[in-house]
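Please read the structure below before turning to the comments.
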Amino acid sequence: MSEAVIEARNVVKVLGHGAGQVEALSGVDLTLRRNELALLMGPSGSGKTTLLSVLGCMLTPTKGTIHIVGRSTAGLGPEDLARIRREHVGFVFQSYHLFPTLTAAENVQMALDLRGQRGKSAKDKARDVLALVGLSHKVSSYPSEMSGGEQQRVALARAIVADPSVILADEPTAALDGKNGQAIMSNLARIAKARGCGVLVVTHDTRLLPFADRIIYIEDGRIVREEQCREPAPLTPRSA
Amino acid sequence: MPLVAILALRNLFHDRLRLIATLIGVVFSIVLVTVQMGLYLGFGRMVTVVIDRASADLWIMTRGGTSFEGPSVLEMRDRERALAVKGVAEVTPVVTAFADWRLPTGALTPVFVVGTVLHTPGLQPWNVKEGQVEALAASGAVAVDRAYFDRLGVSRIGETAEIRQRPVHIVAITDGIRSFTTTPYIFMEIDSARRQTGIPSDKAAYFLVKLDPGADTESVRLELLKLIPKVEVLTSREFAERSRNFWLFSTGAGAALFAGALLGIIVGTVIVAQTLYASTKEHLNEFATLRAIGSSRTYIYTVIVCQAIVSAFIGFAVAALIGLGVVGFTAGSALPIVITGGVMAILFLLTIVMCVGSGIAAIIQVTRVDPASAFTR
């Protein structure tokens, strides 16, 4: 069995204060492994995005523990959590969240810049990863000059360029047509296997089910069911 | 160029209207501060210009004298006592007096008469552009500065006017001898000045003391104070400093200039802070994304500070050009604005500090950004 890249144990997250408090997560246990692409599905308000935020170290759990690549996040401050995010986690957002004043290559390079990787090697790496997602002809284009599918592929390139152990994707195909959505998921699945990272995708889209190694169902802040579709296996060794 | 700087610059220049507003704020502020500081420096020089140009190691004056234009009455017999002190090479008397100048049109204007000895180095008019200093030897001969032609109603050598109802005629015209009090200096030969202003021949306002080469200034000063009662003996530097302090601080003129400069800084800071804050707010989602993908706070602060510094550079460059224009425009006027290299360096640092300080509000805003908001947008 592959190494766990995320381990969440009995995670509780209470949002709000006073009378407006809501328990968004109620004792979630979840493990994500390398080479695995898991889908997190559930109705609106079930706690999917909150769980993604907690697993991505953007929110701290009210109770329970999170380990990212074996490292506990307990007691870490905002800067330490940011360091874990930039060192181990890649994010793909529903609305892409590209920087409009930067080109595709610069957007991808940003993830490396945050890690202190600069200069020609960073530029080359950004271009290579853009080529990997089929955008070698768009390196100098600005987001406004690209389609939604192309923008999401740039966002995907940004998420993977620094070789994270974990990729967290929030409805990555929601704003895309079927063809572009399939293309994004194909890329995600291929990259997860090729690079040996664990990928957790929040989605409502049942058309993505064929890409999943495992499907996790969440309702009212609890994992209610899991389906193992197939045993995750790498396409190539992680070093490739 | 680092990517953080590219992001900062692109965002800054992307919002062109906001950038223009920022630059207007910086330029307005720095031009205002430049003018105020330039006036301060210009006034500072004008206040001491006569003292600085006088050929004197020591000034003897009435105790408590505040400035060159202040009242001072000495006995001429004390000049002999001063000359008797070892180390004193020359003691030149100077008389001064406010008087009325009657223009050829009949109107009156106040002037400040400076009576000087022509045959010894003491206090003679300088920067003579027309005529000769020696011509002041004639009775009623005066030297005036061209900056005050309009005030005095004259513009050429040979023209006449009256001081205290006695006729005077222009024999020399100077350039750049301006008075902080705006009352024009009128240079005359000392005896002529006495006759013109009614100062008795046994009185003088100042004695300008020239020391022998190698003489110890402090020893001479102490000896002069011993021999001559009820006087003060100051070096030129001390007298200049006292005059500057009197005019710029005791009168409140300096405080007004400082207040103007401070106002400029405050207005500039508020404008730049407002525009940087608005710009940051507009890009808050981008900062949240940066934070979400693992950026440190320092990285985000660098973006804001970078924008502030670039605004400062551009704003300062424009303000400096305007400032130099103002300096050139006022150079020949009665109120010249003086800008030195040191002032420019201070203003540049001030601009940087002001702009970076203005970014604090924006930084506070970014500090509160929630990285998880990237998932909910």
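Atoms considered below: every heavy atom in the structure, side chains included; atoms not considered: hydrogens, waters and symmetry mates. If you're wondering where the values come from, they're calculated on a predicted model, not measured in any experiment.
Contacts with chain A were tallied for I293(B), D370(B), T298(B); I293(B) has the most, counting heavy-atom pairs under 4.5 Å. Of all the listed residues (R118(A), R115(A), R85(A)), the one sharing the greatest number of non-hydrogen pairs under 4.5 Å with chain B is R85(A). Ranked by heavy-atom pairs shorter than 4.5 Å toward chain B, the options Q109(A), M110(A), E171(A) are led by M110(A). Ranked by heavy-atom pairs under 4.5 Å with chain A, the list N11(B), V4(B), L3(B) is led by L3(B). The most heavy-atom pairs under 4.5 Å with chain B, out of G90(A), A159(A), P100(A), A111(A), come from P100(A). Most heavy-atom pairs under 4.5 Å with chain B, from the set L168(A), L102(A), V202(A): that is L102(A).
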Pair R83(A), D80(A) - check salt bridge (Lys or Arg N to Asp or Glu O under 4.0 Å), show working. CA-CA 5 Å; R83(A) 188 178 303 118; D80(A) 289 324; 2.8 Å; yes
List the steps and the verdict of salt bridge (Lys or Arg N to Asp or Glu O under 4.0 Å) for R237(B) and D52(B). CA-CA 8 Å; R237(B) 194 173 171 181; D52(B) 293 339; over 6 Å; no
Would you check, one step at a time, whether the test salt bridge (Lys or Arg N to Asp or Glu O under 4.0 Å) holds for R291(B) with E79(A)? CA-CA 10 Å; R291(B) 196 72 176 132; E79(A) 288 305 293; 2.6 Å; yes
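For residues 56-63 of chain A, heavy-atom neighbours of chain B at less than 4.5 Å comprise M58(A), L59(A), sorted by residue number.
Between E106(A) and R10(B) a salt bridge is recorded (basic side-chain N to carboxylate O distance below 4.0 Å).
When heavy atoms are compared at a cutoff of 4.5 Å, L290(B) approaches chain A by way of both its backbone and its side chain.
No donor-acceptor pair closer than 3.5 Å links the side chain of N180(A) to the backbone N or O of L176(A). Put simply, the side chain of E87(A) never gets that close to the backbone of I84(A): no donor and acceptor are under 3.5 Å apart.
Summarising the geometry of P143(A) relative to L98(A), their closest heavy-atom pair is CG-CB, 4.0 Å, with the distance given to 0.1 Å.
There is no side-chain donor-acceptor pair under 3.5 Å between T289(B) and E286(B).
A parallel orientation is assigned to the rings of F91(A) and F93(A), their planes being inclined by less than 30° (bins at 30° and 60°).
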